[in-house]
Every structure is written in C-alpha cells, then in structure tokens.
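Here's the structure, in structure tokens; my notes come after.
Per chain, numbering begins at 1; letters A, B, ... match sequence-line order. Below, all heavy atoms of this structure are taken into account, side chains as well, without hydrogens, waters or symmetry copies. Because the structure is a prediction, the values reported are computed rather than measured.
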Amino acid sequence: MTEEHATTTPLNPRLQEIVDDFRDVPDKDRLQLLLEFSQDLPALPERYAGHRDRMEPVPECQTPLFLAVEVEPEPGPADQQTVHLYFDAPAEAPTTRGFAAILHAGLDGLGADEVLATPPEFSSQLGLAELVSPLRLRGMAAMLSRIKRQVIQHRAAM
Amino acid sequence: MALPQDSAPKFQEYAHPEMIVSTEWVAQHLDDPGLVVAESDEDVLLYETGHVPGAVKLDWHTELNDPVTRDYVDGAGFARLMSEKGISRDTTLVLYGDKNNWWAAYALWVTKLFGHPDVRLMDGGRAKWIAEGRPLSTDTPKRSPAEYPEIDRDDQRIRAFKDQVVAHLGQPMIDVRSPGEYSGELLHMPDYPQEGALRGGHIPGATSIPWARAAAEDATFKPRAELEAIYQGEAGLSPGDDVVVYCRIGERSSHTWFVLQHLLGFGHVRNYDGSWTEWGNSVRVPITRGTSP
C-alpha cells in the first residue's frame with residue numbers, strides 16, 4: 001500500500017488501531033473483520049430502543065440508520081466533555097452496522113475535541129473501497145459528519 | 001445438462017416457467033451436479049452472515065460492474081468471473097437475494113447480456129428461504145474453477161442507451177421509481193443516498209409503475225393474472241410492444257424487465273441502465289415534472 005494517506009490528519013489512537021487492524025489482514029479477511037464489527041455493535045439503551053423519533057436518520061447509508069449523540073457533562077467545560085454514540089441499524093444491514101460499529105469503537109467515550117478532529121476521509125484508510133465499493137463507503141463518511149455536527153450543536157446549546 | 005423445471009402450478013401460468021424456481025425446488029436440488037446457486041444482495045456483507053448452503057456470492061457492485069468505466073464487465077471479465085464461481089456455460093444458475101430479489105434480478109439481467117442459457121430466479125429470494133426456516137450456512141463453498149467461454153456482450157436486445165431512449169420517446173416506457181422520484185419532488189429513493197441527479201422528474205410519456213408492485217408480501221412474484229392487471233390493464237401495455245424500463249441506475253428496472261419479458265412474455269423489453277442518474281444530468285433532454293406521464 002502507498003503512504004499517501006500518511007499526510008492526512010493523524011487519527012486518535014483507538015481509530016488508528018482499527019485502521020491498522022483492517023490494513024494488516026489480507027483482502028479476503030477484511031470483509032470478515034467488518035462482519036465481526038457489525039456483530040459487536042452495542043444494543044441500544046432503553047431510552048432509545050424503539051424510539052427512533054429521538055434519533056437522527058442517516059439517509060446516506062444504503063439501508064437507513066439511526067444515530068444519537070450525547071455529550072456530557074452538558075453544559076460543562078469544553079475540554080472535559082466526552083461524547084457517547086448510539087446507533088440503530090437492522091441485522092439485515094450488516095455493512096451499515098459494521099460502519100457504525102467502527103465509529104462506535106473508535107470514537108465513543110472520547111473527548112469532544114478528539115471526535116471533532118477526526119479527518120472526514122478516514123474511512124478511505126480502511127482498505128475497503130474495492131471490497132465494498134466507494135458508493136457504500138459514503139455512508140460511513142455521512143455518519144461521521146452527522147456525529148460531528150451534533151457534537152457542535154450540543155456545545156452551541158449550552 | 002439443464003436441471004428439470006419447477007413444476008409448481010403458479011409458475012406454469014407464466015410465459016417462461018423455466019426462468020423461475022421455488023425455495024422448495026432449490027432445497028431438493030441443492031446437491032445436484034450442474035447447478036450453481038448464487039446470492040446477490042444490496043448489502044455486500046449479507047451473504048457472509050449466512051446463505052443458502054453451497055451458494056456462491058455474486059456482488060453487483062464490485063463484480064458485475066467495470067471498476068473504471070460506467071459499464072458492465074466485458075466478455076473476458078464475465079468469463080473470468082463465471083469461471084471463478086465454478087459456473088460453466090451449461091450450468092443451471094439460480095439467483096436469489098434480498099429485497100424481493102431486486103439485486104438478483106439485476107444480476108440475472110447482466111448474465112442475459114452474455115446470453116447465459118439457463119439462469120433462473122428463486123421466487124421469494126432470501127427472505128422466503130429464511131421465513132420458511134430453511135438452513136443457512138456461513139461456509140464459503142470451495143468450487144473448482146470452471147471453463148467459461150468469452151462471449152461478446154450483446155447490448156442490442158435487452159439494453160437501451162440514452163440516444164435510443166431519445167428516439168423511443170412517444171413509445172411505451174415504464175418508470176419504476178417511487179412516486180416522489182417520478183413526480184420530481186425527490187431526486188433519489190426515500191431514505192436512500194443521493195446518487196447525483198441535477199434535475200428531478202421523469203422521461204416524458206413514461207408511465208409510473210413502482211417496481212415493488214410486482215412483488216407480493218412474501219417477496220415472491222405476484223401470480224400472472226395480477227401482473228397482467230397491472231402492466232397490461234393499468235399501464236395499457238401489450239406483449240408485442242417495444243418497451244423501455246428505467247429507474248435510477250437500472251437495478252430496480254431489471255426486476256420489472258424480468259416480469260415483462262419472462263413472466264408475461266413480452267417480446268421486446270429493454271432496460272435503460274443509464275436511467276435517471278444519466279437522464280437527470282443530461283443537457284437538453286426533455287423532462288416532465290408532476291404525476292402525469
């Protein structure tokens with residue numbers, strides 16, 4: 001693989017580890033890894049389960065996905081706020097679930113500033129474009145941009 | 001050595017009963033030599049979560065399309081793909097997938113561009129197989145590569161290009177997208193990604209028959225009489241008509257193409273795969289907005 005991506009903004013260590021895991025497995029196992037992520041997407045807590053009206057739809061994903069973002073403490077000092085992410089996608093949409101699980105594993109519980117610093121094109125570093133197709137990958141970029149926008153909105157509301 | 005037809009009474013009503021099999025037929029013939037079952041889904045990982053035992057995966061996006069040009073694979077690429085999947089020219093190929101066989105019908109249409117002699121859809125697709133409690137497997141079958149000849153793709157019979165659609169204006173055309181896309185309120189399917197059309201509406205003269213109307217609740221095709229009521233009654237088409245079908249990128253319209261050509265026996269149906277993502281971006285082609293053709 002080329003090092004072209006190395007010039008982009010560095011990833012937080014957790015996201016970097018995920019990217020490394022994807023890059024380290026051979027092509028044929030990369031989809032399997034994505035499937036394992038999709039199986040590990042945490043279930044929704046009670047306040048969101050069955051309450052899609054409390055979540056934001058992400059229509060850019062091929063199968064609709066719902067997303068909720070919480071920032072705590074809210075209000076609070078900007079440098080001490082952490083972000084929590086919740087995703088709802090059906091079992092029949094494993095690719096979308098896998099993308100959501102990557103973002104959950106890489107960003108949930110991080111500081112708001114760290115989440116906002118995630119480079120928008122980071123999904124291109126996972127080596128999935130040829131296996132999944134760039135069109136399908138756009139869904140992950142859309143989830144990330146919606147997460148960031150919600151974090152900014154939570155801050156502005158304080 | 002084609003496998004026998006499915007003799008289920010519902011299929012005998014269709015114009016080409018040899019193009020469709022039931023889940024039960026597949027279950028009974030799974031181990032027959034000469035049969036390859038292939039799953040083709042919208043979601044690229046669904047196959048990996050469990051599939052019909054022995055079925056291979058055929059992905060529309062990463063395998064049937066050319067990676068650079070907006071086109072399908074060529075004869076050499078198709079031969080290579082079929083060979084890898086263990087499919088030879090005399091294999092009975094049965095396709096199935098998610099979402100009412102939407103993507104399976106698309107894959108079937110592509111195999112017909114190369115004239116694969118015996119290809120069939122499994123009625124009801126993945127959803128029906130699962131609903132009936134039939135077994136799923138996560139094992140990827142190891143098939144030995146097959147010999148598949150390089151066949152030139154025939155883009156004349158069942159495929160239409162933009163210029164041909166311009167020349168076809170005024171003749172029968174079916175727009176299979178959602179009502180909002182047809183009228184021009186929406187540029188893409190509700191809840192689906194925007195795939196980049198600059199203008200909304202439909203091709204003048206096209207009748208709106210959303211593709212999923214051909215499917216019953218359980219994802220199977222409706223019986224022939226119900227299909228005739230929709231396409232020949234409501235849309236006013238006749239089996240002798242020269243018909244063009246289109247959607248957004250040509251996938252949903254493959255499903256309708258299958259219904260018209262193979263279930264109702266229309267003689268000349270072409271799928272315009274450029275569809276709205278081409279038409280809605282083209283300079284100076286006519287567009288109609290609103291709910292009337």
Checklist entry - Any chance CD of E17(A) has more than 12 other-residue heavy atoms, nucleotides or ligands included, within less than 6.0 Å? => result no
Item to check | Heavy-atom proximity to chain A below 4.5 Å, by part of D59(B) | outcome: side chain
Checklist entry - Does CD in Q16(A) sit with more than 12 non-hydrogen atoms of other residues, nucleotides or ligands closer than 6.0 Å? => result yes
Please output the side-chain donor-acceptor pairs of residues 135-145 of chain B that fall under 3.5 Å, not counting sequence neighbours, one pair per line with the distance.
residue	atom	partner	partner atom	Å
S137(B)	OG	D139(B)	N	3.0

Checklist entry - Which value, rounded to the nearest 0.5 Å, describes the distance between E48(B) atom CD and Q39(A) atom CD? => result 10.5 Å
Checklist entry - Quick one: OG1 on T49(B) to CD on E92(A), what's the gap to the nearest 0.5 Å? => result 9.0 Å
Checklist outcome for this item: One should read off an interatomic distance between L45(B) CG and F99(A) CZ, to the nearest 0.5 angstrom, of 8.0 Å
Next on the checklist: Using the ring pair (Phe, Tyr, Trp, His ring centres under 6.0 Å) criterion, which residues pair with F87(A)? Sequence neighbours excluded.
Outcome noted: none
Checklist outcome for this item: Of all heavy-atom pairs linking D43(B) and P94(A), the shortest is OD2-N, 3.3 Å
Checklist entry - Near R153(B) CZ, under 6.0 Å, is it more than 12 heavy atoms from other residues, nucleotides or ligands? => result yes
Checklist entry - Which atom names give the shortest non-hydrogen contact between K57(B) and L31(A), and what distance separates them? => result NZ-CD1, 3.5 Å
Next on the checklist: Please give me the minimum heavy-atom distance between T95(A) and V44(B), naming the atom from each residue.
Outcome noted: OG1-CG1, 3.4 Å
